[in-house]
Amino acid sequence: RSSGSGFFLVTGRPDLLYVRGRARGPPLHLNCRPEAPSLSLARKPIALFCGGSLGVRIAFLRFDQTVALRGSVRRPHCWLAGPMALPAITFFTRGKEQLQLWGIETSRENSLFEKTESPFPLPTPKAVQWSPDGQALALVDPIQGVQVVMFSGDDGKDATIYPLAAAPKTTQSFLWSPKSSALVTMAPGSKSSTEHNVHVWRQSAGGFSMEASFLHQKLEKGAKVMNWSQDEAFCARLLPDGRLHVMPGGDVSSTPLVDLKLDQSIGSFEFAPVRARGGCKARVAVFIQDVRDDLQRVIGPAQVILYELSGDAASMKMQEKGKASVASGQIAELLWNFTGSALIAHCQTEVDESGQSYYGGSKLSIVSSDGTFQKDLMEGEGGIPLTNGTAVQAVAWSPTRDEFILIHGFQPSQASLFAWDDRAKKVTLAKVLLEKAHRNTIRFNHFGSLVCLAGFGNLAGEVDFFGRSEDGDEEKCDFVRVSHCVANCTVSAEWAPDGRHFLTSVLAPRMRVDNCASVWRALSGTKVAGRAFEELYDAQWRPEPPESLTFLDIGAEEIEAASKEFAVADKKQAYRPPKARGEGANMVAAMMRGEVAAPEEDRRRRQPRRVREEETNPSPRPDEPPWGHSQENRERAQAREQQPTRDREPALSGDMDSDQASPEKTLPSTPMQQQMQQLKQQQQQQQREQQQQQQQQERLQREIEATLRQQQQQQQP
């Protein structure tokens with residue numbers, strides 16, 4: 001036991017080294033080689049990497065005396081003395097002119113830098129793909145053709161380019177085997193062409209050599225026509241006629257071990273991530289699309305069939321273990337859990353027969369590996385149909401546990417967490433992560449400790465990060481929200497190999513403007529780096545080898561702390577009604593009553609009223625008589641004013657003219673009378689204008705006639 005710390009060592013088996021601490025959870029173990037020499041640790045702090053089913057942890061130990069530990073790990077660099085600096089994480093960007101490598105130092109902010117070691121940057125290729133171990137990069141140079149960039153050295157800076165001269169320059173996609181020992185190049189085919197468009201390359205000492213080639217005339221971009229099992233013991237190839245050939249993984253040009261031919265063509269297949277145990281050498285699932293008539297009406301269901309490979313190389317056979325029928329499905333996404341004990345089949349059709357969705361129909365079924373359990377996940381718990389429709393937005397298994405997340409229903413959709421129990425053959429709803437949210441993307445980091453639920457594509461780009469909460473129970477299935485951010489117009493997204501950073505990219509040709517690559521820290525939801533491009537076509541992280549212990553998994557304490565910080569920040573931003581806001585909630589009402597003065601910086605307060613200057617001539621026509629007066633009355637009034645006072649005749653009480661001349665008596669008393677008076681005046685004005693126009697026309701006509709008579713008289717002799 002270490003002095004002054006909560007960690008101690010327990011050596012129970014010669015091939016395992018256990019490290020146990022006061023933290024929650026079972027012991028962590030590290031595979032060791034018993035034949036390796038002993039390793040002495042002096043009196044100084046060391047960083048001990050421990051990897052196992054729980055991911056990776058780190059423990060700082062201080063020993064009071066020299067301790068001899070038998071055994072060593074597979075990668076010696078995981079034993080370090082003193083302070084440790086994590087390596088930079090790397091990704092490439094394929095822009096309009098160049099293929100560039102970028103690095104990010106996770107220990108500090110704004111640490112994005114370009115890696116310019118030879119041969120980078122390279123001219124923009126048509127397609128790029130990392131190998132699973134991150135040691136090779138396959139690309140299609142527009143001039144040189146297909147090439148493979150191999151990285152060597154501990155830091156991976158030394159790079160060598162190997163050309164694949166026999167590969168067609170029209171190659172549009174790549175496929176690597178799980179252990180990066182084989183590369184498949186795929187080019188588009190045509191009906192009239194007889195040249196092979198699928199080539200298999202095997203890595204050798206001098207580069208890459210072609211092992212086999214095949215012809216697929218109707219090969220679509222991104223189609224998976226070849227695939228290896230996890231240990232690369234077997235390789236399956238889907239033929240153009242719908243048959244499935246299973247060959248030895250080390251030699252795909254040899255005679256097929258199994259030729260699987262069914263009554264209907266096989267649409268797709270997928271190997272389960274299982275190792276050979278007993279008589280079972282491998283497990284594979286195949287999908288057969290539904291049967292339709294000439295009017296594209298379904299007359300036969302789609303099928304998902306599970307097979308197991310057994311026997312030796314001389315007598316290999318495929319035995320059917322289970323079958324599930326799906327009402328309809330033209331294509332399918334086959335998803336195995338990490339133990340290979342259950343399969344989720346996401347079947348889709350181009351047209352939704354119910355007419356509820358514009359984007360086609362979808363069915364979702366889960367099947368156990370032995371075929372004894374089948375369930376339609378769209379039925380909900382206890383056979384209760386889902387309330388928000390049967391549309392499946394996304395579904396994904398955890399890479400380290402028997403649990404999966406399903407986003408279903410029309411937008412805003414619901415995100416739910418499900419748990420699979422292989423012993424009880426049961427799937428249960430563990431938790432509803434998001435009740436109503438615009439989400440259609442699920443991304444787990446490779447540790448399974450963090451998951452991203454986002455709304456990309458035609459949605460607004462909202463992103464929620466959830467962390468797995470153990471609460472002392474490793475078997476408990478639960479996730480808590482740790483952060484939130486917004487990545488607008490995102491086209492592609494993936495996790496960094498450290499499991500803590502997330503890369504989002506705005507790519508062309510889907511988006512012609514604002515192309516960029518952004519890196520986010522998942523635990524805080526903050527953007528740590530970004531780069532804008534005129535045109536960006538692709539961006540991918542450089543992966544780490546599966547057995548690498550370079551990066552550590554996120555501990556339960558970090559997730560718990562991030563969840564608490566997010567809850568506090570989210571609580572501050574939550575809306576509260578005015579009556580529940582406490583002191584100062586009625587500030588606006590107090591300002592309206594005049595009890596409190598409005599702040600100086602408040603732009604909404606009422607401005608002082610401006611006094612309008614009096615117009616010198618408010619009436620557009622000053623010669624117009626006042627309301628209620630006629631022109632004759634006005635002239636009569638003016639004439640009377642010009643007479644001397646003694647000459648004026650007193651107005652009789654019954655005189656109508658004198659009554660009309662008095663403004664107090666002639667003003668209409670009701671609005672109706674006022675309107676009638678206004679109309680009358682307007683008519684009189686129009687009549688006067690018409691008379692004036694007529695007089696002008698007559699005068700003009702007389703002048704014209706007089707001019708014509710004068711001209712005639714002058715012309716006469």
Side-chain angles (χ1 to χ4, degrees), residues 47 49-58 73-75 77-78 80 84-94 100-108 111-115 117 120 128-138 149-157 159 176-180 230 273 338 396-400 442-452 463 465 467-468 492-505 517-524 527-531 538-555 558-559:
F49 287 87
C50 309
S53 61
L54 302 183
V56 181
R57 297 288 190 273
I58 185 172
V73 296
R74 295 180 182 178
R75 298 175 66 86
H77 72 269
C78 71
L80 303 174
M84 177 187 60
L86 293 177
I89 50 180
T90 306
F91 67 94
F92 76 74
T93 57
R94 182 166 62 96
Q100 299 171 283
L101 282 184
W102 304 88
I104 296 179
E105 296 181 4
T106 58
S107 58
R108 58 189 182 92
S111 59
L112 180 66
F113 62 93
E114 183 180 359
K115 294 187 174 183
E117 294 85 359
F120 295 94
V128 190
Q129 184 64 49
W130 285 107
S131 62
D133 59 0
Q135 300 301 314
L137 183 66
V149 182
M150 296 293 298
F151 298 87
S152 59
D154 295 337
D155 53 2
K157 293 184 179 180
W176 287 91
S177 61
K179 294 185 177 181
S180 306
Q230 188 177 29
F338 86 108
W397 284 100
S398 169
T400 56
I442 304 172
R443 295 288 188 273
F444 278 96
N445 67 351
H446 66 280
F447 298 117
S449 56
L450 288 177
V451 63
C452 166
V463 180
F465 292 101
R468 197 175 194 281
S492 69
E494 60 180 11
W495 283 95
D498 65 347
R500 297 170 177 264
H501 294 83
F502 196 69
L503 174 65
T504 60
S505 305
S518 305
V519 180
W520 307 81
R521 181 176 287 112
L523 288 178
S524 60
K527 183 178 178 179
V528 297
R531 178 75 178 183
D538 195 8
Q540 295 180 21
W541 288 110
R542 181 182 180 180
E544 283 287 319
E547 70 276 5
S548 173
L549 299 177
T550 304
F551 299 104
L552 307 177
D553 188 13
I554 299 175
E558 293 182 77
I559 294 177

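On a predicted model such as this, the values are computed, not experimentally measured, just so you know.
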Trainee: Output yes when Arg531 and Glu114 qualify as a salt bridge under the 4.0 Å nitrogen-oxygen rule, no when they do not.
Mentor: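 So Arg531 does not pair with Glu114 through a salt bridge.
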Trainee: I need the minimum non-hydrogen distance between Phe447 and Asp498, along with the two atoms involved.
Mentor: CE1-O, 3.5 Å
Trainee: Identify the two heavy atoms, one from Gly499 and one from Ile554, that lie closest to each other, and give their separation to 0.1 Å.
Mentor: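 Looking at all heavy atoms of both residues, the shortest contact is O-CD1, 3.7 Å.
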Trainee: Looking at CE of Met150 and OG of Ser131, how far apart are the two atoms once the value is rounded to the nearest 0.5 Å?
Mentor: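 So the gap between those two atoms works out to 7.0 Å.
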Trainee: If you compare all heavy atoms of Ser398 against all heavy atoms of Gly448, which two are closest, and at what distance to 0.1 Å?
Mentor: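 Heavy-atom minimum between the residues: OG-CA, 4.2 Å.
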Trainee: Rounded to the nearest 0.5 Å, what's the gap from CG on Leu503 to OG1 on Thr93? Could you check?
Mentor: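 Interatomic distance, Leu503 CG to Thr93 OG1, rounded to 0.5 Å: 10.0 Å.
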Trainee: Measure across Ala136 and Trp176 and return the closest heavy-atom pair with its distance rounded to 0.1 Å.
Mentor: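 Smallest heavy-atom distance, with atoms named: CB-CH2, 3.7 Å.
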Trainee: Side chain of His446, backbone of Pro497: donor and acceptor closer than 3.5 Å?
Mentor: yes
Trainee: I want to check something: taking the side chain as every heavy atom from C-beta on, are Arg542 and Phe151 in contact at a cut-off of under 4.5 Å?
Mentor: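 With C-beta onward as the side chain, the pair touches.
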Trainee: Test Phe92 against every option in Trp130, Trp102, Phe120 by the side-chain contact (heavy atoms from CB on, under 4.5 Å) rule and name the one that passes.
Mentor: Trp130
Trainee: According to the interplanar angle, ranging from 0 to 90°, do the rings of Phe465 and Trp495 count as parallel (below 30°), tilted (30 to 60°) or perpendicular (above 60°)?
Mentor: perpendicular
Trainee: Could you check whether any side-chain heavy atom of Phe91 comes within less than 4.5 Å of a side-chain heavy atom of Ile104, counting everything from C-beta outward?
Mentor: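 Sidechains of Ile104 and Phe91: in contact.
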Trainee: Could you give the distance from CG (Leu101) to CG (Leu137), rounded to the nearest 0.5 Å?
Mentor: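 The CG atom of Leu137 is 7.0 Å from CG of Leu101, to the nearest 0.5 Å.
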Trainee: Does any part of the side chain of Thr504, heavy atoms only, come nearer than 4.5 Å to the side chain of Trp520, both counted from C-beta?
Mentor: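 The answer is yes, as the side chains (C-beta and beyond) meet within the 4.5 Å cut-off.
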Trainee: Could you check if a side-chain atom of Trp541 sits within less than 4.5 angstrom of a side-chain atom of Val519, using non-hydrogen atoms only?
Mentor: yes
Trainee: Taking atom CG of Asn445 and atom CZ of Arg468, what is their separation to the nearest 0.5 Å?
Mentor: 12.0 Å
Trainee: Which value, rounded to the nearest 0.5 Å, describes the distance between Leu523 atom CG and His501 atom NE2?
Mentor: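 Reported value, rounded in 0.5 Å steps: 9.0 Å.
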Trainee: Quick check: closest heavy atoms across Arg443 and Phe502, and the distance to 0.1 Å?
Mentor: CB-CE1, 4.0 Å
Trainee: To check you understand the geometry: which heavy-atom pair defines the closest contact between Pro178 and Pro132, and what is its length?
Mentor: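 Taking Pro178 first and Pro132 second, the nearest heavy atoms are O-CB, 3.6 Å.
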Trainee: Could you tell me if the side chain of Glu105 sits less than 4.5 Å from the side chain of Phe113, heavy atoms only?
Mentor: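 In short, these two side chains touch, coming nearer than 4.5 Å.
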Trainee: For the side chain of Ser518 and the backbone of Gly530, is there at least one donor-acceptor N/O pair under 3.5 Å apart?
Mentor: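 Side chain of Ser518 to backbone of Gly530, a donor-acceptor pair under 3.5 Å: no, none is there.
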Trainee: Mind checking the CZ-CZ spacing from Arg521 to Arg500? Nearest 0.5 Å is all I need.
Mentor: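 Arg521 atom CZ to Arg500 atom CZ measures 9.5 Å (nearest 0.5 Å).
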Trainee: Are the side chain of Arg94 and the backbone N or O of Val128 linked by a donor-acceptor pair below 3.5 Å?
Mentor: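 Checking the backbone N and O of Val128 against the side chain of Arg94, no donor-acceptor pair under 3.5 Å is found.
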